[in-house]
Amino acid sequence: MTTNLNPQKIFIGVSWPYASGKIHIGHLAGQYIACDVFARYHRLKGNSVLMVSGSDSHGTPILFKAEEEKITPEELVAKSHRDILDTYKNLGLIYENYTSTTTKNHEEVVQNVFLVLKERGYIYEDSSKQYFDPKVERFLPDRYVRGTCPKCGNENARGDECPECGTFLDVEDLINPRSTLSDAIPVLKETKHFYLDLKKLEPELEEWIDGSSGNWRKWVREYTKGWIKEGLKSRAVTRDMEFGVPVPVEGWEGKVVYVWIEAVVGYLSAAIEWAENIGKPSKWEDFWKDPSCKHYYFIAGGNTQFHTIIWPAELMGYSEKYDSDELWEKYKLPGETRREKLDLPYDVPSNRMLLFNGKKMSKGENHMITADEMYEKYGTDLTRFFFTRFAPENHDREFSWEDLVTTNNNELVANIGNFINRTLTFTYTKFDKKVPDGNWDESVKTEIDNAFEEVAQYIEQVKLTKSLERILELGAFANKYFNDRAPWVGVKEDEQGAKDTLFNSIQLVNALRLLLRPFTPLACKELGGLLNVKGEFNANDVLIENGVIEKNIDTWAHQPIEAGRVIQEPELLWEKIE
RNA sequence: CGCGGGGUAGAGCAGUGGCAGCUCGUCAGGCUCAUAACCUGGAGGUCGUCGGUUCGAAUCCGACCCCCGCAACCA
C-alpha cells in the first residue's frame, strides 16, 4: 500500500443503455460487469480513473413505448433511469459519473460537436425520400414499415431486412408497404437531412486503425477492417422527430440529431459534466487531452463500429477545431482551456453475444432474463463472478442456469470458499482464534506475488475470464498446500509445522480476498471483517462514499496478516445452491 | 462470391508448425481440518469434411459443409 506517484490515467466509456426499460443479463455479460471489474482494479492500483456512461433517453422506440404505457416519454425515461440506477447499485456497479442524454449540458456539447463538424465540411445537407405515415403523421424508421419481400415473397418483411430469407432490403423495395404503427399505407415524402461524410475521413481513419488496432481483440479488429474494406458510406445524422437534441441550424425545426452522433458524444459530455460536478470545470481535459491517458470503450456486439469507426471519425473531424483561431474562439466546450486535440480510443474490448436457448436476448421480443431477476435469485457476488468467468469475450456464448449452479458450487464455493472456511475454522478452533506464530514458506510467498502480477496483467489486457481463472489457480494451489501439509496431523505431532501451515494459509486467504476485490466486493468486505482488517484504504469504497477519490494509493499487492491477530468466528461467504 | 466470428473428450473452452491440453462431469483410490469438501490417479478426442505444402499440420494453403452474429437507437 503505497502512494502511486505516477498514476496512469484511464478513461472508460461504457455504452449507454437505452432508457426504454430494464437491463438484462446480456447487457451484464456484454459490458456492465466487465467495465466495473476493470475500473475497480485500476482504482485499487492507484490509477486515475474516469468511468462515465448514462441512459440513452431519446428516439422513436421510447415514444412508442410511452404511448403504449400511456405515460409521457419523459416519465418513461425517468423511470427507466431510476430502474437502471437501482440495478447498478444492487450489483455494485459504480461510475465516476452516470448521467443521461436529457441534460442541458449534453445538448450543448452535442450541438457544439455537430456545428464544428459542419463547419469543417464533414456534415453536409442532402435530401432523400422516406416513408411517412399519414395517419399518425410521422416519418417511419425502416423497421416500422412492413411489406412483401421482393426476393422471397414473404408478406411480413421489414423495411430493413426480410426475416424469412435474410436479405437486407431497401425500404422502398418492399411490395405493398404498410405502417406498423397504424396499418396505414405510408407515402414516400421528400425530407432533407444532414449527412456525415465518412468517406472524407476514411484515409485518416484507416491509417489510425492500422496503427492502433494491434492490441484490440482479433474479432473487433477484423470486423472493423471489414467495414473499411466494404467502403464507408455517408450516413444521415438527423431525424424527423421532436424528441431529442434539436438540430442547431435555422430552418431545421422539428428535426433532431440522430443517435450515433448523439449518444457517442455522451462520452465527452458526461466527462464535462463530471468535472462540473466536482467543482473543477476544466478537469475533464486531463482525461481527454493527455495523450498518455488510455481510453477504453466497453461495449458489445453490434455497437462495435460506432466505437471503432464513427466515434473516432467524429473525434478526428472535431479536433480540427484546434487548428483554427476562429473555431477555437467560437466553439469552446464548457470549461475548456487547452487548445489540444481530443484523445482517440486506445482499446475497444467489445464482447460478443450471450445467447439464451440459442438466440440472443432481445427487449423487443421479450426473450430475456432481467438483471434484477438474476440479482434477486443469486445476489451481487455470484452474478458478477459468473458473468466475468463466462463473458463472451471472443465468441458468442450460451447462457444456462446449470452452468451458473455448477460454477457457484465448484468454483466459488468448493475451491475458494472452502479453502477460506477450512483455514479460518482451523485457526479459530485449534489455535484459540489467533493467527499462529509461523514462518513464511517461500513457495507460498512466490505463488502469491506471481498471482498479483499475473492477474494484473490479464486485467490490463482486458482478458477478464483469464484473470479469474488465474485466481482460481491460486485457490487450487492453496487447497493442495493445505492438504499436503496435513495440519490436522501436525497439530498433534508437530505443532510448529501446523502453525507454519496455518500462518501461510491465512496469508493465502488474505491474498484471495485482495485479488477478488474487483470481482466479488461484498464477500471481500465480509472476509475483511472476519480477519479483523481495520482501516484499509479501498479506493472503490471511497468513491461510493465521497463521489471522488482524492488520493492515488496503490493497494494491488499482498498485505500480510501478522501473527497473533485475533480473528472472528468464521461464517460462510458463499453457499451451495440447488 | 456482402462483412465478420466459430466448429478440439459427454458439456464448456485453451491451444498459430514439434508427444492434443484445461475446468466440470464420470470411474477408482487417498484423506478427514473444511460447505458431501479437499488431494491423487484413470477412462474418454481419426481437432467439421476433402485435398495440398512439410521430416512433421488442430495450427499454413485451397475447396467445401454446418452453426452464429451484423445495416433497426436490439448489448
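Chain naming here is simple, since letters A, B, ... match the order of the sequence lines and numbering starts at 1 in each.
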Requested in this report: Count the heavy atoms of every other residue, nucleotide or ligand shown that sit under 6.0 Å from CG of A/Asp437, and state whether that count exceeds 12.
Outcome: no
Report task. Verify whether one side chain among A/Thr501 and A/Arg485 offers a donor that lies under 3.5 Å from an acceptor in the other. Result ->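 Their side chains do contain a donor-acceptor pair, which is all the 3.5 Å distance test asks for.
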Query raised in the report: Do A/Asp240 and A/His193 meet the criterion of a side-chain donor-acceptor pair at a distance under 3.5 Å?
Result: yes
Have a look at [X] and say if it touches a base, only the backbone sugar-phosphate, or nothing, with a 4.0 Å heavy-atom cut-off.
X        : result
A/Asn418 : base
A/Lys576 : base
A/Asn351 : nothing
A/Lys225 : nothing
A/Gly226 : sugar-phosphate
A/Phe482 : base
A/Ala34  : nothing
A/Lys233 : base
A/Trp16  : nothing
A/Arg352 : base
A/Asp56  : base

Query - Separation of B/U35 P from A/Asp381 CG (nearest whole Å) - result: 20 Å
Requested in this report: Would you kindly give the CZ-to-C1' distance between A/Arg422 and B/C38, to the nearest whole Å?
Outcome: 5 Å
Query raised in the report: Expressed as a whole number of Å, how far does the C1' atom of B/U8 sit from that of B/C31?
Result: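 B/U8 and B/C31 have their C1' atoms separated by 35 Å.
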Query - Between CG on residue A/Leu196 and CD1 on residue A/Ile123, distance to nearest 0.5 Å - result: 6.0 Å
Requested in this report: Check A/Val257, A/Val245, A/Val247, A/Val265 against A/Gln111 for a side-chain contact (heavy atoms from CB on, under 4.5 Å) and give me the one that passes.
Outcome: A/Val245
Report task. Return the 5'-most residue of the pair A/His395, A/Trp488 with respect to RNA chain B, ranking by each residue's nearest nucleotide. Result -> A/His395
